[in-house]
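Below: the structure, in structure tokens.
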Amino acid sequence: MRYHSTRDSSVSVSSAQAIVQGISRDGGLFVPENIPALSREEILSLADKPYVERAAAVLSKYLTDFTEEEVKSCAASAYTQERFRSPAVAPLHALEDGVEILELWHGPTCAFKDMALQILPHLMRVSAQKTADGKTIIILVATSGDTGKAALEGFRDAANTRILVFYPEDGVSPMQKLQMTTQEGDNVAVCAIRGNFDDAQSGVKAIFTDPAVAERLETNGMMFSSANSINWGRLVPQIVYYVSAYCDLLRDGKITMGEPINVVVPTGNFGNILAAYYAREMGLPIARLICASNENRVLTDFIETGVYDRNRAFHTTTSPSMDILISSNLERLLYDLAGRDDAAIRQLMGALKEEGKYTIPAAMHQKIQSLFAAGSCDDRQTADTIRRVFEKYGYLLDTHTAVAVSVYEQYRRDTGDATYTVIASTANPYKFSDAVLTAVSGPSDAGEFEKVELLHKATGCEVPPPLASLRGKAPRFTTVCNREDMEQMVYDLLHIDTK
């Protein structure tokens with residue numbers, strides 16, 4: 001299996017090179033040369049297997065330059081009972097007949113990013129042995145909240161690796177900020193930026209693709225890679241949990257082999273739902289992919305109109321991990337639907353950079369609408385959904401999963417589609433205690449951990465130990481910089497002399 005750049009199809013690298021490099025030098029994203037098939041027989045055979053074996057089976061189809069033993073070792077090292085609080089790793093919770101919540105937050109940082117970022121360091125280690133020539137790998141991350149902590153925890157004290165995380169100063173929840181700024185490890189660093197996530201993401205991408213920066217790192221025996229979902233090694237493990245959810249439904253007799261399901265995903269950067277698209281293209285029986293947005297509904301508008309336009313007001317919401325106007329992973333979908341026409345993608349991405357918008361051809365838009373449905377909800381609807389679901393089912397949603405549930409309810413009312421549905425749940429509700437507490441029992445002026453206690457008293461839901469243990473911890477990282485200073489901050493954090 002070779003990997004090509006979305007902006008230059010002549011680029012051809014191994015999966016190990018794609019993982020270590022993170023992003024193509026032309027600014028494009030690496031994609032597999034074809035999407036491998038997952039047969040009915042293979043899906044059936046995985047139904048009674050544990051998550052580790054399901055992961056190895058899916059990953060082996062994409063990482064063909066890894067040995068079977070290497071893939072199995074990476075999966076077994078990542079998805080352990082010490083790291084994931086649920087034996088199922090990514091369990092399903094039946095909300096009602098025909099609607100399941102896929103809980104992706106039982107890992108060490110209580111967010112779905114753990115599903116990929118617990119295995120990425122192992123994939124990176126094996127890939128570096130094959131391709132990095134002994135260089136120190138610098139993991140450079142922009143985060144809207146959850147990726148940062150999950151990456152910091154995953155790469156903490158990893159050999160021959162350092163990790164630098166940038167986050168929007170006022171664009172994450174207090175719990176997310178505390179998780180990042182108190183991170184332990186000798187090879188980690190965190191810096192806030194004055195701006196939003198798009199500013200952080202654009203800044204990181206500019207640094208990644210600057211030849212002068214790469215040359216300076218090379219001189220110092222270093223090279224960049226990424227833990228954002230622009231890195232194929234971050235995206236490919238996310239395919240696994242959709243396959244695993246289908247296998248669980250088969251095992252429990254809730255569906256029969258070949259019966260289609262719908263998948264609902266709350267998403268801002270499009271990576272999580274793109275993984276479901278790849279699972280569908282592999283042969284997983286997914287009927288509709290339902291894209292759920294918050295008030296920053298750039299993806300909803302795009303799916304409905306075929307026009308991607310980031311020239312709009314940016315809203316800071318109670319679901320901050322979705323406060324995004326530039327959805328990087330959409331480029332991979334467009335490349336696939338354009339018949340791998342790199343010239344078409346260069347034109348679209350050039351228009352996005354220069355004008356802030358692009359319009360896709362009618363045929364491509366028709367194809368997207370045949371695959372995807374979309375909807376959005378605001379903070380009021382999010383809060384209403386959290387309260388209503390808890391009162392009706394005794395199940396507590398976080399603010400992102402509540403967006404997905406609200407959008408699914410809108411979709412079902414509008415279409416009458418009663419297909420068995422899996423809703424991706426992306427974070428534990430205690431990561432957003434203020435908003436969830438306000439939704440359940442009203443606003444409070446208490447401190448962050450007092451709100452955690454109040455939410456526990458109001459709902460009886462367990463406080464995850466990784467979050468409870470943060471109480472009283474003093475931040476290690478307090479630096480804030482402007483977007484235009486991010487490159488110099490990278491040099492400073494790496495102790496590279498630029499004089």
Side-chain angles (χ1 to χ4, degrees), residues 91-105 112 241-242 245-246 249 254-255 259-268 270 272-273 276-277 280 286-305 315 317-323 368-429 431-432 435-441 459 461:
L92 289 168
H93 177 94
L95 194 63
E96 59 179 275
D97 287 345
V99 180
E100 306 269 347
I101 302 292
L102 175 58
E103 296 180 343
L104 301 172
W105 37 261
F112 83 100
Y241 49 71
Y242 295 110
Y246 195 88
L249 293 175
K254 294 182 175 180
I255 61 172
E259 183 178 344
I261 63 171
N262 289 336
V263 173
V264 188
V265 187
T267 186
F270 206 74
N272 202 4
I273 198 166
Y277 165 80
R280 183 187 189 279
I286 295 176
R288 295 289 277 173
L289 295 157
I290 302 169
C291 179
S293 301
N294 63 16
E295 200 170 349
N296 294 292
R297 46 174 289 143
V298 64
L299 284 169
T300 299
D301 290 341
F302 169 71
I303 290 169
E304 290 179 347
T305 69
H315 300 283
T317 74
T318 58
S319 46
S321 297
M322 299 161 66
D323 290 347
I368 286 175
Q369 289 198 313
S370 73
L371 297 168
F372 294 87
S376 67
C377 73
D378 60 21
D379 282 354
R380 180 189 58 79
Q381 293 169 299
T382 300
D384 287 347
T385 302
I386 292 171
R387 181 178 59 256
R388 184 166 35 78
V389 168
F390 182 72
E391 290 175 350
K392 185 175 181 180
Y393 303 106
Y395 188 81
L396 194 61
L397 302 169
D398 86 288
T399 48
H400 303 75
T401 310
V403 169
V405 172
S406 177
V407 168
Y408 170 67
E409 290 172 342
Q410 295 170 38
Y411 168 82
R412 188 162 178 175
R413 282 195 302 269
D414 292 344
T415 65
D417 184 356
T419 301
Y420 211 105
T421 296
V422 171
I423 301 174
S425 179
T426 55
N428 186 283
K431 293 200 75 166
F432 307 94
V436 176
L437 177 65
T438 299
V440 171
S441 58
T459 65
C461 295

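Taking each heavy atom of Ala292 and Met322 in turn, the nearest pair found is O-CE, 3.3 Å. Between Pro429 and Asp398 the shortest heavy-atom distance is CA-CB, 3.6 Å. Between Ser293 and Val403 the shortest heavy-atom distance is O-CG1, 3.3 Å. Pairing each heavy atom of Asn272 with each of Ala424, the nearest pair is ND2-CB, 4.5 Å. Contact detail for Ser376 and Gln381: the closest heavy-atom pair is O-OE1, 4.3 Å. Taking both residues in full, the closest heavy atoms of His400 and Pro320 are given as NE2-N, 3.5 Å, listed atom of the first, atom of the second, then distance.
Here Asp417 contributes atom CG and Asn262 contributes atom CG; the two are 4.5 Å apart, rounded to the nearest 0.5 Å. Glu304 CD to Ile368 CD1: the interatomic distance, rounded to the nearest 0.5 Å, is 12.5 Å. A distance of 7.5 Å separates CG of Leu104 from OG1 of Thr426, quoted to the nearest 0.5 Å. Atom CG in Leu371 sits 10.0 Å away from atom CD1 in Ile303 (nearest 0.5 Å). Note: Thr421 OG1 to Ile290 CD1 = 5.5 Å, rounded to the nearest 0.5 Å. Considering OG1 of Thr317 and CG of Asp379, their distance stands at 5.0 Å, rounded to 0.5 Å.
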Dump the intermediate steps for side chain to side chain contact (heavy atoms under 4.5 Å, CB included) on Thr382 and Asn294, then the final yes or no. CA-CA 8 Å; Thr382 300; Asn294 63 16; 5.8 Å; no
Determine, step by step, whether Val99 and Ile423 satisfy the side chain to side chain contact (heavy atoms under 4.5 Å, CB included) criterion, reporting the C-alpha distance in whole Å, the side-chain angles of both residues, the deciding distance to 0.1 Å, and the verdict. CA-CA 7 Å; Val99 180; Ile423 301 174; 3.8 Å; yes
Stepwise side chain to side chain contact (heavy atoms under 4.5 Å, CB included) check, Leu95 with Tyr408: CA-CA 13 Å; Leu95 194 63; Tyr408 170 67; over 6 Å; no
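More than 12 heavy atoms of other residues, nucleotides or ligands sit less than 6.0 Å from atom CG of Asp414.
Between Tyr411 and Arg288, the closest side-chain pair of non-hydrogen atoms falls below 4.5 Å. Between Leu397 and Phe432 the shortest side-chain heavy-atom distance does not fall below 4.5 Å. Looking only at side-chain heavy atoms (C-beta outward), Ile386 and Thr399 come within less than 4.5 Å of each other. In this structure, Glu409 and Arg388 have side chains that are in contact, with non-hydrogen atoms separated by less than 4.5 Å. Between Arg280 and Val263 there is no side-chain heavy-atom pair separated by less than 4.5 Å. A 4.5 Å side-chain heavy-atom check between Ile261 and Ile286 finds at least one atom pair inside the cut-off. Using a 4.5 Å heavy-atom cutoff, the side chains of Val422 and Tyr246 are not in contact. Between Thr267 and Cys291, some side-chain heavy-atom pair lies under the 4.5 Å cut-off.
Of the candidates Trp105, Tyr395, Tyr393, Tyr395 is the only one forming a ring pair (Phe, Tyr, Trp, His ring centres under 6.0 Å) with His93.
Judged by distance alone, with hydrogens and angles left aside, the side-chain atoms of Asp378 form no donor-acceptor pair with the main-chain N or O of Glu295 at under 3.5 Å.
Under 4.0 Å is where a charged nitrogen must lie from a carboxylate oxygen, and between Glu100 and Lys254 at least one such pair does. Ion pair Arg297/Asp301 flagged as a salt bridge, since at least one NZ, NE, NH1 or NH2 atom sits closer than 4.0 Å to an Asp/Glu carboxylate oxygen.
Using cut-offs of 30° and 60° for the angle between ring planes, the Phe372 and Tyr277 rings count as parallel.
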